[in-house]
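In what follows, every chain begins at residue 1, and chains take the letters A, B, ... in the order their sequences are listed.
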Amino acid sequence: MTASILIEAIQLLIVALAAPLLVGSVRKLKARLQGRRGASVFQPYRDLRKLLVKEAVISENTSWIFRFTPYLVASVMLLSSLVVPMLTTRTPLGFTGNIIVLMYLLLLATFFLALAGLDAGSAFGGMGSSREMIIAALAEPTVMIAIFAIALRVGSTSLDEIVRRGADDSLLLLNPGHLLAFVAFFIVALAETGRLPVDNPATHLELTMIHEAMILEYSGRHLALIEWAAGMKLFLFLTLLSNLFFPWGVARTLEPLPVAIAFAALALKVGALAAAVAILETSIAKLRLFRVPELLSGSFTLALLAVISFFFVR
Amino acid sequence: MTINEALMLNLLAGMLSSFGAGAIGALLCARWPRAARVVGHTFALLGALLALGLGLAGLAGGTVSVSIAQVLPIGGVALGVDRLSAFFILVIAVAAVPSAIYALGYTREYEGRYSLAGMGAALNLFLASMSLVVMARNALTFLALWEAMSLASYFLVMTERDDRETERAGWLYFVMTHAGFACLLVGFLLLSHATGSMEFAGWQAGAAAVTGTTRNLVFILLAVGFGSKAGVIPLHIWLPQAHPAAPSHVSALMSGVMIKLGIYGLVRVGFDWLSGGPAWWGGALLLVAAISAVLGVLYALVEHDLKRLLAYHSVENIGIILFGVGGGMLFQTYHLPALAGLALIAGLYHTLNHAVFKSLLFMGAGAVLHATHTRNMEEMGGLIKRMPQTAVFFLIGSVAIAALPPFNGFISEWLTFQSLLLSFQIPDKAVNLTFALSVAALALTSGLAAACFIKAFGISFLALPRSEHAESAREVGFSMRAAMALLAVACLVLGVAPFTVLKFLSKTTSELLGATPDMQFTWNRIVTGGSFATVSPLWIAVALAALLASIPITLRVFRANTARRYYETWGCGRAVQTARFEYTATSFANPFKRVFSVLYRPVKELAIEFHPESRFFVRTISYSNEARSIFDDAIYGPLNRMLRSFAQRVRLLQSGNVNVYLLYILVALVVLLVIAR
Amino acid sequence: MTLVKKIWTTPVVTEPQGVIIEDAQIEIIARQIDERARKLFGRSLHIREVDAGSCNGCEIEIVALNNPYYDLERFGLHFVASPRHADCLLVTGPVTRNMADPLRRTYEATPGPKLVVAVGDCARDCGVFAGGYGVFGPVSAVVPVDVVVAGCPPTPPMILSGILAALEKREQRQVEITQQ
Amino acid sequence: MILATLLLIPALAAGSIALLRNRRLMETVHALAALATLGTGLTAAIRVWRGKTEIIALDHLLRADALSALMVTLVTLLGAIAAIYGLGYIRAEFDAEHTKQARMFFSLSQVFIFTMLLAVTTDNLGVMWVAIEATTLATVFLVNLHNTQNSLEAAYKYLILSSVGIALAFIGTVLMYYAGSAGSGEIAVNWTSLHAAASRLNPQVVRLAFVFILVGYGTKAGLAPMHTWLPDAHSEAPAPISALMSGVLLNVGLYALVRFKAVVDITLGSGYSSRLLMGIGLLSLAVASAFLLTQRNYKRMLAYSSVEHMGIICLGLGFGGYWGVFGALLHVINHALSKSLLFMLSGNILLKYRTTDIRRVRGLLRASPLTGGAFLAGTLALMGLPPFGPFISEFIIFRAGIESNAWVAVIGIALLVVVFAGMLASVNQMLYGEPPDKLERGDVLKWSMTPLAVNFVLLVALGLTLPSALTNALKQAIAVLGG
């Protein structure tokens, strides 16, 4: 019991603390790929610390929704970090919900973020909300079908079960459905976390913004929470991708050594995925907004193929 | 606790006499509108409370059967309560109680404008016929009550009768519902002919003997009849007309409850009267569910009339419920009763949930309408500051209908997902694929629903008021807020403590299917499909609350700057911000319109009037972007035109010329003589 | 593929810290900024650029700060899209009548603590545009300016050092940076 | 004896009114005669039903069995209601200067009642034929009571078409008689004799005869395509007369038809007449639905609705079997009650709005709540909604239909939906909205409307329950028809 609580605490801390590092690393790698030196990988921590000491300028038009949202979004991400199996196949709080619960929790955060975007009455915010929601809505079927594909293979939608049974299956990567589902989920993860080619996290042009446009009004600690939450979301998605599809090294017991190995494995896997994200972001351009549905329907097709392949291979 | 029949009977009698007293009392007070309002709604409330008791008692296992041979010929009136009936009585009551409370305040401004006596009578009649129709135990009782329910609701829709739009809405509603009734009539008559009984019990016993075309025909007819009441696409067209036209508490009842009786009928058909059928029945329901859910929400997205938007969401939610019902039927076909139970529970739970949050939302919309006198979202905005409590209630309803934790919509949608995902146990590839696509449709629906309610809440309640009406809006009266508060609390309770309902529902479905559903649950946890999935709604809520509380504390501990300064919205330094800078509902929906343009087939119109001196100065711009309804264009429009042109042609027969008339008689004679030979 | 290859073969063009190629100042300034900014903004400074009527000469120089050669980001400096996110306003150009109010609003919209750096001769004293009918006045006539960077246009290193100066002299208003 | 009295009262009343000059006196005689007729009629009917017997008078000239009793009840009951309503209506319509019209109205009304009573209580098919022809003659003048161009044209058409129809019916009757004579020697022109000899009739001739009778009496019953006179005549006649024409007279035509059907069914089996009746019933429904869908005149709307309901009754008769005929007879009652209610109310509306154009009647519920409310209830009843009688009778008819001829029943139900759509649109238009500005609020003819409460109460009662007395009465009537 103590060990489980400890593991939960560790997971929470990992997500909370490593998220800015992950963001920093992706940025650093991107800078290097662009031939720049770039900011330190720890720059996001500095940004957050600075934002916390600044005052918050809040639009007069806003309501409590605007102020409440950053806290909610951050809380949702922290809660999600307790649900996702990171180091061990047994997350004590895992029973709070399966992967569908996780997806809906994330949608809750998006919901409020989009509301906050509308709250100030600025055209940018509304635009961001509208765009964010169409992408979120279109990504949803792919997520669910990809989940279905995984669930079919392991016979469960519980995150623990998926990881545990996946780890037992040595021929995992030979399964075509598995790989298809992975690619589909990866594309969706990019869309959900606001990465290229769906959204450019570094843009300055309001008219091309999606996520940024929604948070254009935020400042000070609110902005800090939202940036932090965005980092955590990226971290969570990369963790999901790595542990659901490549559950290597995840600890089966709560003893220190396997957990330590799991930690290292997690760092490696997430690092590799982060590198993949960075390379992808450097090598492709952002899609026009109305091209994004095509990308997402492509990923949906892949996910559906994964499901079909299960039924026909079975 | 055992519930004896006397208690049930007393509750039933009490309920009916309250509704009766309400109806008659309201009519007697026709000269005193205020008295009519109070009497009508107070008795409605009392009756609804008794209905609540009846429903709960029935769910706890109480049964009752009443039959009065004297009233209605051919079998007389036969009523009975089993668990399924009791559950639907509960659904009715759960929406009816707050509606009655709400109506007390809401209808105050009707005094002197519309007939409150008629309205009070119709409301009581409506509630009574709804509660009774689910208890009906033979064909004629059911049909008579079903039509009485339609009639009462038609009167309620016609309350604000000065409006031509209301007139059209009432007409369309009643005609559609009557067409549905005609289907039911034929279906019932066919079934009773085939089974040789007018009693429902007889149908169940004799259903196995009904085979082939008749069986399928009965199913199709009943599905169409009940589907038109439920508002499934393409039989939904009356819904977005009638619900906005009705007074808001009536919309709440119609949308929250009445359309659910279509679901009740479908459940009865599928699991009781016909008890199972070929796979295509369930498959067809799943298809209809997917179409209703996705198209329902898509039409809602481009709708800027707040109440009409909600009405389209009812279409969507009926689709979600049908995923459960249709899935259940498919499972039953493949002899997986445990899964059928799970799917049915999901559908029924969503039925209850939808009743709760849709009533809440309609009441919220009603409060907004009451305060701003408009249903057009483009004229709202900023209401969260002017009507803070209503805003909170509407927000809770929005989050619940968007199926987000920790509210009730989430639980039922989660259960629906689980039941659909567990379909892999069916050894048929085509069916598997159907389910997979249903999963996708449901997921798309939930995403779009979230988007739509961001629009609905965000555009109506947030930012600056878009019109003077919205500017001068005030919070509504106590009774209206109290009603909404009740429902908002219900949303939360049903969301964090689903075991309360699941306990009853699992018994209900066991009674219906003869097998325990494939799920276990305790007070804090639901497990489906062995270990297929778990959820602990209570823990999610608690953990979320705890984390929410901990973040500000943590920030304080780390001495974050807590200073706040209010300043204007950032608009690139432009001089003033007015509501015209805001993103509108139209613009919010535009990306959706473009992405799904195949379905919307939008008609755009851009008219710019230039300054006479120079084309660079614009005087006015008007832009409109309307979505067209495929169904109007493809089905109802042609049908209507066909009927009318047929009628026009037939009218030519009545030329006014006596010679021609005589010719008709002659022709008739000759034709008959030829036939007679 | 060619893109990946190119990325692979192109060396890092940002000048390493400690090697002076063209202007020894950059490095010095950078290091100074590093120290100062750490105190006030924790080595993170987000900049919002405001063109208050400039001929865009200064903008070209400012944009150059973002390129791989100068790579402003490595110092924790970053251009942002909204004054709400910014700590520092970089104002260029003589303030035209139409831009005076927006500039003031932008300043107000920026959460404190905040800096204002006026970039270019025009921002300092309206430059050649002084007295023009559309000109309202120098930046300091509209918002409190921490540092003025002279030059038409100032070089990127000068702008950098301006930002540094701003960090140093927050209490003393109006510092001028000129080419030595 | 009672039958003779029954016929004598209206006959005498008609004669005496024609001689009277005092308007009040006319009214009194009219009302009293109607009530007396009602009393006598009910007594006779109850005697028939109670004793499960038939009353024969005047050497088989008059004969009342259970079916006649049913018709007598309807004629006298609605006759009385229309008479009392008519007092107020005629007062409002014709002032002191138009006493001539009033006298004509009262007197001819009594004649009309007399002829109808005669038609349903005689055993002699020839007399029945004459009586039915006489109804036409009595009503023709009533249709033209206002003596306008429209009413004259309507009356003219009515006369021509009904006469042609009745002529065909005459041929049918003669053929029937011939069939009897040819088959088995001499028989009387009495229905009883014909009925008794039915099994011995020449089937070929009977076939032929029934077609003539169907077309002939069908014209009188307003069945399509012989209905063309009906909308004109019914909409032009004064409201109380329209009420009787639509509510009762059509049924009298149908009554004649049914009498022959009973004979024909014995000769040829029920299939033959069933097919014809179902066909003509469906056609009536279809034609009526088309006209109801685009109707602009509310009196014509009610008239077409009568065509529709006659179609439904024909369907019920055609479906046959106990329940089919039961439903049809019950529907006869229900239709009579609701249609007469509505036609009388349409009189109120006409007095109030001075127009029969649906589009110009707005806000009826607001302008005259009582009339509007009753009109709404009546149309709901006509459209077959609970808790009114027609709902039950239509249900029974279609139940019989599904069991005997499902497709016809389904088409019938579908056509009813179209009818529903059409009527609802018209009624919506009339009842709701803002009444015209100049119109003053309140109901007209308040006290004359009181007897309408009888219609209303009976309609609701028949919608909620089926008293055993009525069931027994109908059972006996069905027995007469050989069902």
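By the 4.5 Å heavy-atom criterion applied to side chains, B:I454 and A:L118 are counted as neighbours. Annotation: side chain of A:L78 is in contact with side chain of B:I551 (closest heavy-atom distance under 4.5 Å). Looking at A:L115 and B:L395, their side chains come closer than 4.5 Å, going by heavy atoms from C-beta outward. Taking 4.5 Å as the limit, every side-chain heavy atom of B:Y583 sits out of range of all side-chain heavy atoms of A:S122. At a threshold of 4.5 Å between non-hydrogen side-chain atoms, the residues B:V392 and A:W64 count as touching. The shortest side-chain heavy-atom distance between B:F417 and A:I147 does not fall under the 4.5 Å cut-off. Counting only heavy atoms from C-beta outward, the side chains of A:L225 and B:L555 approach each other to under 4.5 Å. Counting only heavy atoms from C-beta outward, the side chains of B:S398 and A:F111 approach each other to under 4.5 Å.
Side-chain atoms of B:R564 do not come within 3.5 Å of backbone N or O of A:I58 as any donor-acceptor pair. The backbone N or O of A:A120 lies less than 3.5 Å from a partner atom in the side chain of B:T569, making a donor-acceptor pair. Under the 3.5 Å distance criterion, the side-chain polar atoms of B:K385 are matched with a main-chain donor or acceptor of A:T62.
Ranking A:D119, A:L72, A:I99, A:I65 against chain B, the residue ahead of the rest is A:D119, based on heavy-atom pairs under 4.5 Å. When each of B:G381, B:A391, B:G529, B:P552 is scored by its heavy-atom pairs under 4.5 Å with chain A, the top score falls to B:P552. Ranked by heavy-atom pairs under 4.5 Å with chain A, the list B:L301, B:T584, B:T562 is led by B:T562. In terms of heavy-atom pairs under 4.5 Å with chain A, the best-connected choice from B:L433, B:V399, B:V527, B:L437 is B:V399. Between chain B and the residues A:E294, A:R67, A:H222, the largest count of heavy-atom pairs under 4.5 Å involves A:R67. Across B:I526, B:L444, B:T528, B:I459, the residue that shares the most heavy-atom pairs under 4.5 angstrom with chain A is B:L444. Between chain B and the options A:F290, A:F300, A:F68, the largest number of non-hydrogen pairs under 4.5 Å is found for A:F290. When the candidates B:A402, B:G571, B:G382, B:A403 are compared by the number of heavy-atom contacts under 4.5 Å with chain A, B:A403 comes out ahead.
For the atom pair CE (A:M127) and CZ (B:F588), the distance works out to 12.5 Å, reported to the nearest 0.5 Å. Rounded to the nearest 0.5 Å, atoms OG (B:S446) and CE (A:M144) are 6.5 Å apart. Between the CD1 atom of A:I134 and the CG atom of B:L448 there is a distance of 7.5 Å, given to the nearest 0.5 Å. For the atom pair OG (A:S75) and CG (B:L544), the distance works out to 6.0 Å, reported to the nearest 0.5 Å. Atom CG of residue A:L152 and atom CZ of residue B:F424 lie 6.5 Å apart, to the nearest 0.5 angstrom. Interatomic distance, B:Q418 CD to A:T157 OG1, rounded to the nearest 0.5 Å: 4.5 Å.
Both the backbone and the side chain of A:Y104 come within less than 4.5 Å of a heavy atom of chain B. For B:F410, the part sitting under 4.5 Å from any heavy atom of chain A is the side chain, from C-beta outward, and nothing else. Heavy atoms of A:V76 lying under 4.5 Å from chain B belong to its backbone as well as its side chain. Proximity to chain B (any heavy atom under 4.5 Å) is shown, for A:V57, by both the backbone and the side chain. Contact annotation for A:F66: neither backbone nor side-chain heavy atoms come within less than 4.5 Å of a heavy atom of chain B. The part of B:W414 that comes within reach of chain A is its side chain, from C-beta onward, which places non-hydrogen atoms under 4.5 angstrom from that chain. Within the 4.5 angstrom heavy-atom criterion, only side-chain atoms of A:L304, from C-beta onward, approach chain B. Heavy atoms closer than 4.5 Å to chain A are found nowhere in B:F407, neither backbone nor side chain. If you measure heavy-atom distances from A:L51 to chain B, you find no contacts under 4.5 Å at all. B:S423 touches chain A through its side chain: at least one heavy atom from C-beta onward sits under 4.5 Å away, while N, CA, C and O do not.
The heavy-atom pair separating B:G447 from A:A137 by the smallest distance is C-CB, 3.5 Å. Across every non-hydrogen atom of A:S130 and B:P591, the tightest pair is OG-CG, 3.1 Å. Between B:A436 and A:V307, the closest heavy-atom pair is CB-CG1, 4.1 Å.
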Assess whether side-chain contact (heavy atoms from CB on, under 4.5 Å) is satisfied between A:I100 and B:L421, documenting all intermediate values.
CA-CA 11 Å; A:I100 298 176; B:L421 292 177; 3.6 Å; yes
Could you walk me through whether B:F596 and A:L138 pass the side-chain contact (heavy atoms from CB on, under 4.5 Å) check?
CA-CA 11 Å; B:F596 295 101; A:L138 292 177; 3.7 Å; yes
Evaluate the criterion side-chain contact (heavy atoms from CB on, under 4.5 Å) for residue pair A:E55 and B:N561; output intermediate values, then yes/no.
CA-CA 6 Å; A:E55 68 171 358; B:N561 189 345; 4.0 Å; yes
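The number of heavy atoms from other shown groups lying within 6.0 Å of CZ (A:R291) does not exceed 12.
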